[in-house]
Amino acid sequence: MVTDEKPPKPIPKLKGVPFVGSTFDFARDPLGFLTGLQRQYDRLVQFKAVGRLITLTLTPEDAKHILQENNKNYVKSAAYDVLKMFLGNGLLNSEGDFWRRQRRLAQPAFHKQRLALLVDGMNHETTGLISQWKNRDLTGPLLVSEEMMHLALAVVTRSLFSSDVKNHLENVSESITIIIQTAYKELFNFFPFTRNWPTPRTVRYRRAVRKTEAIIYEIIESRRRQPAEIRHDDLLGMLMETRDEETGEQMTNQQLRDEVTTIFMAGHETTANALSWTFYLLATHPDITEKLREEINRVLGPSNLPTIETLRELTYTTQVIQETMRLYPPAWIFGRQPLHSDQFGDYRVEVPGADGMLICPYLLHRDPRYWEKPEAFHPEHFLPEQVKLRPTYAYLPFGGGPRLCIGNNFAMMEMQIVLTLLIRDFDFQPVDQKIVEPEPGITLRPKGGLQLRVQPRPNAGLRVS
Ligand code: HEM
């Protein structure tokens with residue numbers, strides 16, 4: 001039979017080294033390797049890594065196709081297994097009907113109206129940090145990345161548990177640090193079966209998991225024992241309250257544990273990194289800092305705390321945060337596994353054969369086809385008239401489609417609050433001329449940590465003791 005159908009065009013494929021393919025090039029310098037591919041190819045390119053055939057996608061259209069239009073054909077990639085070790089079957093890792101149900105149950109807790117209840121807690125944690133800094137000797141450089149990590153952990157902890165966890169916070173934060181460190185090491189462990197070996201690392205890790213789990217279960221159970229009229233305006237309270245519309249069921253303790261730990265992990269390291277990068281960029285761009293301060297002064301004045309209403313007026317602040325996440329997207333890459341073959345224009349990704357598909361916000365966000373000044377820090381990229389000119393999926397710090405980050409409004413609110421309050425009260429300056437490089441792991445961190453000179457601004461901001 002003769003048909004008009006054209007055979008698919010072959011997807012360009014890297015040769016790589018026999019057996020290992022491009023594994024080492026990718027692992028040695030992921031950003032350099034992927035940026036090199038972006039310079040040579042315009043839509044799709046395949047390479048072998050860790051025995052798998054990976055397809056890197058390079059256009060917003062294909063990101064949209066995978067994440068939105070044909071999302072049912074994709075599940076999360078094997079890289080998420082590292083997170084599964086600790087997160088269990090929470091929103092980030094689960095699939096299919098189970099994920100759909102959990103998302104439906106969790107969604108109301110993240111509605112803007114409900115999030116408004118968390119603004120006071122975010123202000124409280126940030127002003128707490130301000131008074132700490134004001135009472136501290138700031139003559140030497142400050143490890144801002146660590147400060148942001150502690151702050152974001154305190155914010156997410158308070159947002160989840162109000163004050164129930166105050167006494168446990170030190171334990172939780174120490175355990176979470178161990179868990180994140182282990183997850184980072186495991187990301188580049190090409191022998192996943194060793195995860196079950198009783199090495200000092202895995203023993204420390206399991207102890208940290210048990211400790212965190214015990215605290216979370218204790219809080220859940222103590223809340224279950226409380227009279228029904230006692231309401232908690234925190235995320236855990238909202239998750240415990242919510243009922244499935246169809247079945248009327250509520251989450252079990254195990255499901256609550258998985259969702260709470262997922263929110264813990266997904267909700268602090270990402271935000272902390274975005275904040276660190278923002279302070280780095282502002283420290284190196286005084287003109288933008290000045291413009292930002294003008295807005296803060298106009299909207300908040302010298303000493304008001306942000307409210308849900310004033311946050312809406314902070315448009316330039318929002319653009320600064322968006323632009324930071326363009327240059328340094330905390331979730332710099334994510335993967336999907338195709339279930340069936342799929343068509344991308346003239347190309348076809350064949351299953352079986354193809355394994356992971358990669359979507360890389362870091363590349364899309366710096367692609368000169370979509371950005372006027374791809375390598376510059378230029379918040380005007382996010383003026384509404386500029387945004388309209390771009391394909392939506394050219395910018396995807398929070399992912400897209402049905403698996404869009406459920407915490408995106410939470411994160412934006414938190415970053416606006418922390419940024420406005422700290423920039424109003426402190427000057428941030430670079431320690432030296434060295435460029436801080438991004439270090440790609442589960443999230444995109446400042447390599448070696450971010451140190452800045454931080455000085456209180458004379459006569460500025462809150463009067464704190
Ligand atoms: C700047 C901060 C943040 C960034 C850049 C970020 C980024 C992302 C991205 C890209 C995804 C989708 C991953 C994929 O499709 O494979 C995601 C999912 C998720 N994020 Fe965030 N996130 C941030 C903050 C938060 C916060 C504050 C929370 C919770 C309080 C949170 C909770 C989650 C959860 C639960 C998911 C899974 C959603 C689902 O699959 O239904 N994230 N995040």
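Note that the structure is a prediction, hence the values are computed from the model and not measured.
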Go through the structure and list residues passing side-chain contact (heavy atoms from CB on, under 4.5 Å) with Val17, not counting sequence neighbours. Val20
Is it true that a side-chain atom of Arg390 and a backbone atom of His381 form a donor plus acceptor pair closer than 3.5 Å? yes
Hey, could you give me each pair passing side-chain hydrogen bond (donor to acceptor under 3.5 Å, both in side chains) that has a residue in residues 99-111? Not counting sequence neighbours. Asp97-Arg100, Arg101-Glu249, Arg101-Gln255, Gln102-Glu259, Arg103-Gln107, Arg104-Asp244
Between CG of Leu31 and CG of Leu363, what distance do you get to the nearest 0.5 Å? 8.0 Å
Strictly under 6.0 Å, is that where the ring centroids of Tyr395 and Phe382 end up? yes
Report yes if the distance between the aromatic ring centroids of Trp332 and Tyr362 is under 6.0 Å, otherwise no. no
Quick one: salt bridge (charged side-chain N to carboxylate O under 4.0 Å, His left out) pairs with a partner in residues 51-77, sequence neighbours left out? Arg43-Asp62
Both conditions, 6.0 Å and 45 degrees, for the charged tip of Arg326 above the ring of Trp371: are they met here? yes
Pro397 side chain near Asn408 side chain, heavy-atom distance below 4.5 Å: no
Taking Gln416 for the side chain and Leu311 for the main chain, is one N or O donor matched with an acceptor at less than 3.5 Å? yes
Residues forming a side-chain contact (heavy atoms from CB on, under 4.5 Å) with Thr307, sequence neighbours excluded: Glu309, Thr310
Contacts satisfying ring pair (Phe, Tyr, Trp, His ring centres under 6.0 Å) that involve residues 44-69 (not counting sequence neighbours) are Phe26-Phe47, Phe33-Phe47, His65-Phe344
Measure up the Phe377 and His285 rings against each other and bin them: parallel (under 30°), tilted (30 to 60°), perpendicular (over 60°). perpendicular
With side chains defined as the heavy atoms from C-beta onward, is the minimum distance between Thr212 and Ile179 less than 4.5 Å? yes
Which residues pass the side chain to side chain donor-acceptor pair (under 3.5 Å) test with Arg39, sequence neighbours left out? none
State, without any angle test, whether Gln250 and Thr242 hold a side-chain donor-acceptor pair at a distance under 3.5 Å. no
So, the side chain of Asp234 versus the backbone of Ser162: is there a donor-acceptor pair under 3.5 Å, distance only? yes
Is there side-chain contact between Phe334 and Leu396, with heavy atoms separated by less than 4.5 Å? yes
Verify, without hydrogens or angle tests, whether Ser145 (side chain) and Ser276 (backbone) share a donor-acceptor contact under 3.5 angstrom. no
